[in-house]
Amino acid sequence: MYNMIRGISEDGGVVFCGVDSTALVREAERIHATSAVTSAALGRLLTAAAMMGVMLKSERDSVTLRMNGGGPAGIVLAVADGRGCVKGYVQNPVVELPLRPDGKLNVGAAVGRAGTLSVVRDLGLKEPYVGQIPLVSGEVAEDITSYYAVSEQIPTVCALGVLVNPDLTVACAGGYLVQLLPGATEQEISRLEANVAALPGVTALLQEGLGPKQIMERVMAGFAPQVLDEHTVAYRCDCSRERVERALVSMGREELADMAEKEGTVEVNCQFCDKKYRVDTAKLLREL
């Protein structure tokens, strides 16, 4: 079943991408055993990465989002491929902080604000495209909006949400990106701003039973939006024994020989899915 759509206004001036990321954020929480606020931080970044992934030109392309704000959560990272499938991690998965005055999880305090958001697009060229901006709030959505405005000069509205149950499971998660293409009129801008301002948060929309298509119709009311394409996105790690062995080989023959002499068999833990690989470094060295 599709959980992400992309759409466009009738006149082609506004584009939309929306996703119900509940399942993938639940999987991230299960793997990383995150606390409530880090579930929200990682879940929001994974949701943004999934949408930015399907906006790439090729399924072989990838986008990496990295937030380093100096907060107790440490580095938060998400990687998406061109199909919108994602993986990620948070450096310190268990962080306990008081709620904000409005009763919401204090993601900004967990991530921190004294740092940067880095966006790396690997488009299969010699060098990846790298953009970096100072963090605006650490709340993720505002930082993604700022990235598009500063680095790509694309007027963008980004909304993200993760609702965490008292038992730390994820109740729902999702988000949307709306972008104005060149030539958008002041009337279109004003209408879009009014539509977004009138909406509740993403998780409230999901709790009402709205899917990505219904959210698009609410966000783009008056624009006669049309669906461009639909996607099924998930939390998916592409690690393998072969990739782990290639990583060990890339360390160099001398370091690998030293590892074989001192440790013999080493255990490598994937930071994205927590899968463990035991590699006989002496055997690997002989195969070289």
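Because the structure is a prediction, the values reported are computed rather than measured.
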Original post:
For Ala78 and Leu46, which heavy atoms make the closest approach, and how far apart are they?
Top reply: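 Shortest heavy-atom separation between Ala78 and Leu46 comes out as CB-CD2, 3.8 Å.
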
Original post:
What closest approach, in Å, do Asn195 and Val219 show between heavy atoms, and which atom pair accounts for it?
Top reply: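 Heavy-atom minimum between the residues: ND2-O, 3.0 Å.
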
**OP:** Can you label the angle between the Phe16 ring and the Tyr176 ring as parallel, tilted or perpendicular, going by 30° and 60°?
**Re:**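 If you compare the ring of Phe16 with that of Tyr176, the planes turn out parallel.
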
State yes or no: do [X] and [Y] share one hydrophobic cluster built from I, L, V, M, F, W and Y residues joined by side-chain heavy-atom distances below 4.5 Å, directly or via other members?
{"X": "Val120", "Y": "Leu65", "value": "no"}
{"X": "Leu205", "Y": "Leu192", "value": "yes"}
{"X": "Leu181", "Y": "Val157", "value": "no"}
{"X": "Leu97", "Y": "Val90", "value": "yes"}

**OP:** Go through the steps to decide whether Glu29 and Arg26 satisfy the test salt bridge (Lys or Arg N to Asp or Glu O under 4.0 Å), and finish with yes or no.
**Re:** CA-CA 5 Å; Glu29 186 278 327; Arg26 283 176 178 167; over 6 Å; no

Spacing of [atom1] belonging to [X] relative to [atom2] belonging to [Y], to within rounding of 0.5 Å:
{"X": "Gln214", "Y": "Ile5", "atom1": "CD", "atom2": "CD1", "answer": "8.0 Å"}
{"X": "Cys172", "Y": "Leu163", "atom1": "SG", "atom2": "CG", "answer": "4.5 Å"}
{"X": "Glu193", "Y": "Leu180", "atom1": "CD", "atom2": "CG", "answer": "8.5 Å"}
{"X": "Phe223", "Y": "Ile8", "atom1": "CZ", "atom2": "CD1", "answer": "12.0 Å"}
{"X": "His32", "Y": "Glu27", "atom1": "NE2", "atom2": "CD", "answer": "9.0 Å"}
{"X": "His231", "Y": "Cys17", "atom1": "NE2", "atom2": "SG", "answer": "7.0 Å"}

Do [X] and [Y] have side-chain heavy atoms sitting under 4.5 Å apart?
{"X": "Met52", "Y": "Cys158", "result": "no"}
{"X": "Asn3", "Y": "Ser21", "result": "no"}
{"X": "Arg236", "Y": "Asp81", "result": "no"}
{"X": "Met55", "Y": "Gln179", "result": "yes"}
{"X": "Ser151", "Y": "Ile133", "result": "yes"}
{"X": "Met51", "Y": "Leu160", "result": "yes"}
{"X": "Tyr277", "Y": "Glu245", "result": "no"}
{"X": "Ser35", "Y": "Glu96", "result": "yes"}

So for atom [atom1], which belongs to [X], do other residues, nucleotides or ligands contribute more than 12 heavy atoms lying within a distance under 6.0 Å?
{"X": "Glu267", "atom1": "CD", "result": "yes"}
{"X": "Lys276", "atom1": "NZ", "result": "yes"}
{"X": "Glu208", "atom1": "CD", "result": "yes"}
{"X": "Glu127", "atom1": "CD", "result": "no"}
{"X": "Arg241", "atom1": "CZ", "result": "yes"}

Subject >> Partner of Met220 by side chain to side chain contact (heavy atoms under 4.5 Å, CB included), out of Ile215, Val196, Val14 >> reply: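 Exactly one option meets the side chain to side chain contact (heavy atoms under 4.5 Å, CB included) with Met220, and it is Val14.
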
Original post:
For the side chain to side chain contact (heavy atoms under 4.5 Å, CB included) test, which of Val19, Thr232, Thr47 pairs with Met4?
Top reply: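 The single option meeting the side chain to side chain contact (heavy atoms under 4.5 Å, CB included) with Met4 is Val19.
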
**OP:** In sequence, state the C-alpha distance, the side-chain angles, and the governing distance for Leu77 and Thr64, and then conclude on side-chain contact (heavy atoms from CB on, under 4.5 Å).
**Re:** CA-CA 7 Å; Leu77 185 139; Thr64 300; 4.2 Å; yes

Original post:
Can you tell which of Arg113, Lys104, Arg100 makes a side-chain hydrogen bond (donor to acceptor under 3.5 Å, both in side chains) with Glu139?
Top reply: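 That would be Arg100.
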
Original post:
Should Arg243 and Asp238 be marked as a side-chain contact (heavy atoms from CB on, under 4.5 Å) after you check the CA-CA gap, both sets of side-chain angles, and the distance that decides it?
Top reply: CA-CA 9 Å; Arg243 295 186 73 163; Asp238 54 356; 2.9 Å; yes

**OP:** Mind running side-chain contact (heavy atoms from CB on, under 4.5 Å) on Arg66 and Ile75 for me, showing each step along the way?
**Re:** CA-CA 7 Å; Arg66 183 178 186 271; Ile75 294 169; 2.8 Å; yes

Original post:
Where the side chain of Arg218 meets the backbone of Leu199, is there a donor-acceptor pair that is under 3.5 Å apart?
Top reply: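 Such a contact is absent between Arg218 side chain and Leu199 backbone.
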
